[in-house]
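Indexing begins at 1, ligand by ligand and atom by atom, following the structure's order.
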Amino acid sequence: MENRYRVLLEEVKIGPVVAPNRFYQVPHCTGMGYGSPNTLAAMREVKAEGGWGVVCTEYCSIHPSSDDTPFPHASIWDNADVKAQGMMVDKVHAHGSLAGIQLWHGGSDISNLHSREITLGPQSRPASGIDPVQSAAMDKRDIRALRSWHRAAAGRAVEAGFDLVYVYATHGYLLSQFLSPSNKRSDEYGGSLENRVRLVRELLEETREVLGDRCALAIRLSSDGGETDGEPDSGEQREVVSLLGDLPDLWDINIHDYSYEMGSSRFVKEAALEDYVSYVKSMTGKPVVGVGRFTSPDTMLRQVESGVLDLIGCARPSIADPFLPRKVKEGRIDDIRECIGCNICYAGDAKGNPITCTQNPSMGEEWRRGWHPEFISPRASAKRILVVGGGPAGLEAARALGARGYEVALAERSSELGGRVSAESKLPGLAEWGRVRDWRVGQIRKMDNVSVYLESDVDSEQVAEFGADCVAIATGAKWRHDGIGRWHETEIQGWREATVVTPDDLFAGVEIKDEALIYDDDFYYMGGVLAEMLALRGVSVTLVTSESLVSPWTQNTEEQPRVQRRLIELGVRIEVNTVVEALSEGEAKLACAFTGRERTVEAPTVVMVTSRKPDDVLYSSLVESEQTIRIGDCRAPGTIAACVRSGHRYAQEMDAAVDECQGGAVPFLREEPKLFG
Ligand code: ADP
Ligand code: SF4
């Protein structure tokens with residue numbers, strides 16, 4: 001039968017090279033950095049194996065004056081980097097894919113905390129974070145030096161074997177600083193648009209000279225200049241595209257507002273960039289690639305058939321499912337593990353730790369643990385395994401054990417699977433989180449060796465009666481009423497006299513009529529999203545938090561300003577730097593987080609979002625045994641990603657000689673530092 005997505009499987013000529021299909025893994029950060037070459041190479045190889053026709057590096061520094069520490073980035077500074085990058089290239093080539101490298105200079109945006117070099121920019125500007133760093137305005141010598149560094153880096157990229165080399169002129173880094181209307185230099189590199197484009201043009205021309213006809217030349221550029229919540233503002237960028245004409249072999253187009261370009265699904269939906277990027281194809285004869293958190297092959301097809309894009313650019317969809325292209329090719333559309341848009345992957349880079357993914361627990365574990373997103377070793381025994389609890393941890397444990405061939409029984413108390421995912425995906429904007437459940441349920445349905453028992457409230461007698469060889473308790477956790485959390489190590493005084501509800505109570509249908517005081521001591525999404533939900537229902541909401549921002553951890557998922565803006569627009573009163581000190585009937589005593597100064601406010605209902613208590617009633621009633629362990633939130637409450645990972649690890653380590661409780665040997669490979677002693 002003909003594949004209806006055959007267009008996506010067509011080759012695309014990019015200058016002197018040919019992409020084997022239209023699936024293009026755009027450069028994306030990994031939080032791994034230049035110190036983890038094996039980890040990176042193995043991760044990128046899996047993408048190529050999964051069918052991505054082009055696989056790119058992340059932002060790859062061309063010179064020590066471009067150092068984004070503490071954010072991990074790649075580098076192509078010297079021969080050691082050539083070797084490391086070459087390893088990735090070889091692994092990508094082994095699967096018939098093209099390898100791309102994104103040459104990067106951060107300009108004034110960064111702080112050079114590791115290299116301790118002066119930062120450089122078109123003008124002297126403070127670094128974009130809050131580091132006390134300000135750049136030197138580049139003089140002509142600096143610009144000549146930059147050009148020579150870029151040329152040399154392009155040469156090293158060729159040496160490493162790359163097929164596609166980027167001039168990276170977006171995302172606020174050096175070249176976009178030159179392009180920006182704020183570049184008021186008085187020489188030929190600033191002021192008029194023609195002057196501001198000069199450096200990009202020079203780098204394109206010089207990189208082309210280095211690449212010859214061996215590699216393709218790509219430019220990464222934003223198609224608009226404004227904020228994204230209004231009308232697309234593409235005025236000047238259109239001129240940039242027309243000034244650069246057909247200089248590059250490929251246009252990789254994104255938009256100015258990063259929080260929209262890689263917006264979480266709570267705020268931004270699939271293919272949201274279409275209106276911003278669609279004009280580019282009409283202005284160039286060269287292929288265009290763009291992103292849009294594409295997970296649906298139909299949407300991808302539409303991008304190509306309607307002439308918006310030639311290549312389907314993906315970062316997150318390739319992280320959540322490195323085998324997406326292969327599944328499209330093989331007509332296994334139902335097997336695609338769709339990205340949920342939670343941006344946990346981005347939080348890795350934001351916090352300087354290796355990338356993880358909610359949907360794909362093997363992400364970042366390809367080399368160090370040998371985990372693979374599709375293949376898992378067959379069972380090593382005929383054990384029968386009982387998994388109690390059908391939340392993300394239990395579902396993933398059952399699925400992965402099932403994939404190994406074990407006989408699995410999954411028992412769930414309620415009438416539906418999903419646990420917290422089913423509850424949380426009903427919150428405003430979070431519907432796509434339900435994919436964590438849906439994909440796993442879909443996979444389990446195809447397995448004869450996994451039986452699901454709904455409405456099965458399991459107790460210790462039933463566990464004993466069932467007689468499984470191993471039991472995984474995945475019964476989750478419940479939000480606390482008593483206020484214990486980060487701020488309060490002991491119960492909040494008077495909480496029993498007050499009307500206190502938790503997120504779980506709200507999920508269970510408890511209604512708040514007029515007024516709610518939300519105490520957020522958790523700091524991720526829950527406090528903020530409940531404020532949004534209640535405000536949308538007409539409840540008068542006050543959100544109290546000891547932090548200085550609403551939902552502060554969402555800074556790592558590129559969501560925080562949008563969360564706070566939304567709550568302000570909904571009329572939520574926000575009390576930052578404030579703690580709930582004590583409660584009584586209808587009242588809350590609030591205290592300043594710095595001075596302790598107290599005041600009392602009316603609080604008919606308090607929504608307590610502080611911490612969770614593992615639901616280990618069943619576990620505690622069981623006889624202690626090495627064959628019975630807790631997984632997911634029941635062991636240690638965490639993110640959905642942590643629960644999926646916990647379930648996956650349980651399945652991976654079944655019958656393996658690893659005991660996660662022993663803490664003896666390091667349970668994964670580590671990149672080894674080179675010793676010069
Ligand atoms: P996790 O996030 O760790 O996967 P969840 O809280 O999402 O945990 O899911 C736990 C699931 O376990 C819920 O769906 C809950 O209904 C179920 N559960 C809790 N206790 C029992 C029990 N004794 N028997 C069967 N299912 C249970
Ligand atoms: Fe998608 Fe979340 Fe995975 Fe990132 S972490 S790829 S946003 S599912």
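Counting protein heavy atoms only, atom 6 (O) of ligand 1 is closest to Gly476 CA, 3.3 Å. Nearest protein heavy-atom neighbour of atom 11 (C) of ligand 1: Glu412 OE1, 3.5 Å. Among protein heavy atoms, atom 4 (O) of ligand 1 sits closest to Ala393 N, 2.8 Å. If you check which protein heavy atom lies closest to atom 21 (C) of ligand 1, you get Thr475 CG2, 3.5 Å. Of the protein's non-hydrogen atoms, the one nearest atom 26 (N) of ligand 1 is Arg413 N, 3.0 Å. Given atom 7 (S) of ligand 2, the protein heavy atom at minimum distance is Asn343 N, 3.1 Å. Nearest protein neighbour of atom 23 (N) of ligand 1, counting heavy atoms only, is Val458 O, 3.0 Å. Ranking the protein heavy atoms by distance from atom 8 (S) of ligand 2 puts Ile340 N, 3.4 Å first. The shortest contact between atom 12 (O) of ligand 1 and any protein heavy atom is with Gly389 CA, 3.2 Å. Ranking protein heavy atoms by distance to atom 9 (O) of ligand 1, first place goes to Gly391 CA, 3.5 Å. In terms of protein heavy atoms, atom 6 (S) of ligand 2 is closest to Arg316 O, 3.3 Å. At the shortest separation from atom 2 (Fe) of ligand 2 among protein heavy atoms lies Cys342 SG, 2.4 Å. At the top of the distance list for atom 1 (Fe) of ligand 2, counting protein heavy atoms only, stands Cys339 SG, 2.4 Å.
In the model, Glu424 has a side-chain atom that pairs as donor or acceptor with a side-chain atom of Tyr525 under 3.5 Å. Ser259 and Arg562 share a donor-acceptor pair across their side chains, judged by distance under 3.5 Å alone. Thr554 and Ser551 share no donor-acceptor pair across their side chains, judged by distance under 3.5 Å alone. For the residue pair Gln102 and Thr57, no side-chain donor N or O sits within less than 3.5 Å of a side-chain acceptor on the partner. Side-chain N/O atoms of His28 and Asp349 include no donor and acceptor closer than 3.5 Å. In this model, a donor atom of one side chain and an acceptor atom of the other lie less than 3.5 Å apart for His372 and Glu49.
Applying the 4.0 Å criterion to heavy atoms of Gly341 picks out, from ligand 2, the atoms 1 (Fe), 7 (S). The contact set between ligand 1 and Ser456, taken as ligand atoms under 4.0 Å from a residue heavy atom, comprises 24 (N), 25 (C). Below 4.0 Å from some heavy atom of Ile319 lie the following atoms of ligand 2, by number and element: 6 (S). Near Arg420, meaning under 4.0 Å from any of its heavy atoms, are these atoms of ligand 1: 2 (O), 5 (P), 7 (O). Each of the atoms 3 (Fe), 5 (S) of ligand 2 lies under 4.0 Å from some heavy atom of Thr358. Residue contact check: Asp457 has heavy atoms under 4.0 Å from atoms 22 (C), 23 (N), 24 (N) of ligand 1. Every atom of ligand 1 is numbered from 1 in the order shown, and the set under 4.0 Å from a heavy atom of Cys643 is 1 (P), 2 (O), 3 (O). Close approach to Gly632 involves these atoms of ligand 1, each under 4.0 Å from a residue heavy atom: 3 (O).
Contacts of Asp633 with ligand 1, taken as heavy-atom pairs under 4.0 Å, involve both backbone and side chain. With a 4.0 Å heavy-atom cut-off, ligand 1 is reached by no atom of Ser646.
When the heavy-atom distances from atom 10 (C) of ligand 1 to Ala411, Ala474, Gly419 are ranked, the shortest goes to Ala474.
Between atom 4 (Fe) of ligand 2 and Cys345 there is an N/O/S contact shorter than 2.8 Å. Residue Cys357: an N/O/S atom is found under 2.8 Å from atom 3 (Fe) of ligand 2.
The minimum heavy-atom distance linking Tyr166 with Cys56 is given by the pair CE1-SG, 4.0 Å.
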Under the salt bridge (Lys or Arg N to Asp or Glu O under 4.0 Å) rule, what do Asp335 and Lys446 come out as? Steps first, then yes or no, please. CA-CA 10 Å; Asp335 288 337; Lys446 296 183 191 177; 2.5 Å; yes

Is there a salt bridge (Lys or Arg N to Asp or Glu O under 4.0 Å) between Glu365 and Arg645 once you walk through the steps? CA-CA 11 Å; Glu365 305 286 2; Arg645 175 186 167 70; 2.8 Å; yes

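The pair Arg612-Asp522 fails the salt-bridge criterion, with no side-chain N (NZ, NE, NH1 or NH2) lying under 4.0 Å from an Asp/Glu carboxylate O. Between Arg379 and Glu407 there is no salt bridge, since no side-chain N of the basic residue sits under 4.0 Å from a carboxylate O of the acidic one. Checked for salt-bridge contact, Glu532 and Arg266 meet the test: a charged N lies under 4.0 Å from a carboxylate O. The pair Asp252-Arg220 meets the salt-bridge criterion, since a charged nitrogen lies less than 4.0 angstrom from a carboxylate oxygen.
Ring-centre distance between Tyr59 and Tyr168: not below the 6.0 Å cut-off.
The shortest N or O to N or O distance between Pro392 and ligand 1 is below 3.5 Å.
With Glu432 as the partner, the salt bridge (Lys or Arg N to Asp or Glu O under 4.0 Å) test is satisfied by one option alone out of Lys426, Arg437, Arg293: Arg293.
Put simply, SG on Cys60 and OH on Tyr34 are 11.5 Å apart, with the number rounded to the nearest 0.5 Å.
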